[in-house]
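From a predicted model like this one, the values you see are computed outputs, not experimental measurements.
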Amino acid sequence: MFFHNHPRSLIAPIIAAVLWGVAVHGDAGAQNAQRSSIVANQAGSYIECQGIVFPVHRFTVKLRAGEQLERLLVAKGDHVKAGQPLLRISNLALTNSYLDLLARKQDRQILQDEAETQDLQLNLQNAELDRLRKRLEKIESLRKSVSDLSMQSESEPLLEKKQQIEDQIEAGTTRLKQLHRRLDSQEPVTRFVDRELEIIQSRIQSDIVAAPFAGTVVRRVLDSERPGPDDVVLELWDESDYLVELQVLQHQLKYIKSGTTAMVALDFTGTDRVEGTLDVVEPGDLNNQNPTHPEFKVVVKLQRPVSWLRPGMQVSVRIQSEPKK
């Protein structure tokens with residue numbers, strides 16, 4: 001009825017417009033499928049997707065606030081052993097903090113040395129006082145045994161010396177008590193300083209960053225660069241074994257289960273392939289720029305290393321799984 005009531009000259013443009021709209025929607029759907037890199041098998045026995053090969057272990061060095069790169073000890077592409085030095089860093093703020101804490105600790109040590117010196121001096125003065133008392137006792141004993149013997153000239157200097165030492169002991173004892181009170185009041189601060197010194201010293205001693213595992217240096221800054229905080233200075237990969245990371249869509253999660261078998265190949269039309277298992281299924285990205293197509297990262301752990309894979313390669317993955325009940 002529609003075509004009957006309209007001129008034939010209008011039918012062709014309308015049909016063309018309809019076909020163009022179908023083509024546009026069809027291309028958009030293809031773009032979404034290509035973006036997600038996911039293709040579901042019609043039989044439902046597996047899903048096929050594209051993944052990226054990564055090394056099992058990755059080590060990245062970034063500078064923290066206040067740190068500076070002193071020297072790089074390896075070059076890009078170098079194969080390093082576990083424990084081999086990679087670079088040297090320095091932290092001026094950390095060094096200044098260490099020196100300040102060391103000065104505070106030294107002030108307490110000076111106070112401690114003064115207390116120990118005062119205590120030693122008191123011991124010497126008490127020993128000398130004991131000797132004077134014994135000499136005075138002998139003089140008094142001799143005077144009593146010889147009634148007409150005058151010992152005043154002998155005893156007076158000793159008595160004056162005795163009084164002088166007793167005054168010194170009294171002042172020294174008061175000073176020693178004051179020193180001990182100061183030391184006791186500083187005890188909590190001293191424990192804090194000691195802990196901080198230990199922590200900072202450990203961080204300063206770790207200015208040489210060593211390789212945590214054997215691997216290959218895949219990234220490092222140029223010698224002319226001056227990296228800042230959070231800039232990657234060096235990256236190390238352990239290429240002895242690989243894993244594959246891929247993204248799946250929300251409706252495909254029913255096929256995904258940790259421990260499920262997966263087959264990995266460069267291209268399933270070829271012969272090279274290796275078996276793996278789903279090791280990790282991570283939560284979705286809440287910052288996804290396309291919330292209508294939420295994606296979830298899945299990690300496939302290979303059962304054995306193969307020579308035809310390299311980090312960064314794109315591979316095909318078939319996940320052998322039935323839908324979860």
Side-chain angles (χ1 to χ4, degrees), residues 37 50-101 196-247 264 266 274 276 279-283 285-289 295 297-315 317:
S37 300
Q50 299 296 312
I52 302 297
V53 179
F54 287 92
V56 173
H57 298 109
R58 286 174 282 177
F59 177 64
T60 302
V61 180
K62 294 183 179 181
L63 296 181
R64 292 175 291 192
E67 291 183 340
Q68 293 181 343
L69 177 62
E70 289 289 328
R71 184 182 178 188
L72 285 163
L73 306 175
V74 293
K76 184 178 179 180
D78 282 356
H79 298 281
V80 300
K81 299 178 181 178
Q84 179 176 334
L86 301 175
L87 54 92
R88 180 188 293 274
I89 58 178
S90 64
N91 191 327
L92 182 60
L94 201 64
T95 302
N96 290 337
S97 297
Y98 180 78
L99 293 176
D100 179 63
L101 290 170
E196 288 297 306
L197 275 173
E198 185 176 351
I199 293 172
I200 294 179
Q201 187 175 10
S202 176
R203 290 181 60 184
I204 291 177
Q205 290 174 348
S206 64
D207 60 350
I208 296 182
V209 180
F213 50 78
T216 304
V217 179
V218 297
R219 181 180 177 186
R220 57 152 277 180
V221 297
L222 300 176
D223 293 331
S224 59
E225 293 184 39
R226 291 293 180 266
D230 295 328
D231 289 342
V232 176
V233 177
L234 181 142
E235 188 170 354
L236 181 69
W237 286 2
D238 176 8
E239 299 181 287
S240 62
D241 201 0
Y242 305 127
L243 51 82
V244 178
E245 291 185 5
L246 51 107
Q247 303 286 337
V264 177
L266 294 177
V274 62
D279 188 52
V280 176
V281 180
E282 295 188 359
D285 183 5
L286 296 180
N287 298 317
N288 185 7
Q289 296 181 354
E295 296 180 344
K297 187 171 79 172
V298 177
V299 177
V300 177
K301 187 174 182 180
L302 303 182
Q303 291 188 353
R304 59 183 177 85
V306 289
S307 59
W308 44 269
L309 285 181
R310 292 289 185 275
M313 282 184 173
Q314 180 171 303
V315 294
V317 181

Trainee: Can you confirm whether L302 sits close enough to L309 that some side-chain heavy atom of one is under 4.5 Å from a side-chain heavy atom of the other?
Mentor: yes

Trainee: Of all the heavy-atom pairs spanning G215 and L236, show the shortest one and how long it is.
Mentor: C-CD1, 3.6 Å

Trainee: Please answer whether the main-chain N or O of V80 pairs with a side-chain N or O of D78 as donor and acceptor at a distance below 3.5 Å.
Mentor: no

Trainee: If you measure from CZ on R220 to CD on E235, what distance do you get to the nearest 0.5 Å?
Mentor: 14.0 Å

Trainee: How long is the span from the CG atom in D279 to the CD atom in E245, to the nearest 0.5 Å?
Mentor: 11.0 Å

Trainee: Closest approach of P55 and Y242, non-hydrogen atoms and distance?
Mentor: CA-CD2, 3.9 Å

Trainee: Working to the nearest 0.5 angstrom, can you tell me the gap between Q68 CD and E70 CD?
Mentor: 6.5 Å

Trainee: For the residue pair A211 and K81, what are the closest heavy atoms and their distance?
Mentor: CB-O, 3.5 Å

Trainee: Once rounded to the nearest 0.5 Å, what's the spacing between atom OG1 of T60 and atom CG of L234?
Mentor: 8.5 Å

Trainee: Considering all heavy atoms of both residues, which atom of V221 and which atom of V232 are nearest to each other, and what is their separation?
Mentor: CG1-O, 3.4 Å

Trainee: Hey, is CZ on R58 packed in by over 12 heavy atoms from elsewhere, all under 6.0 Å?
Mentor: yes

Trainee: Using every non-hydrogen atom in the two residues, find where G83 and A210 come nearest and quote the distance to one decimal.
Mentor: O-CB, 3.6 Å

Trainee: Supply the atom-to-atom distance L87 CG to L73 CG, rounded to the nearest 0.5 angstrom.
Mentor: 6.5 Å

Trainee: With side chains defined as the heavy atoms from C-beta onward, is the minimum distance between V274 and R304 less than 4.5 Å?
Mentor: yes

Trainee: Within the 4.5 Å heavy-atom criterion, are E196 and Y98 side-chain neighbours or not?
Mentor: no

Trainee: Can you name the nearest heavy-atom pair linking K76 to V218, along with the distance?
Mentor: CE-O, 3.2 Å

Trainee: State the CD1-CG distance between I52 and L243, to the nearest 0.5 angstrom.
Mentor: 12.0 Å

Trainee: Name the orientation class of the two ring planes belonging to F59 and F213 (parallel below 30°, tilted from 30 to 60°, perpendicular beyond 60°).
Mentor: perpendicular

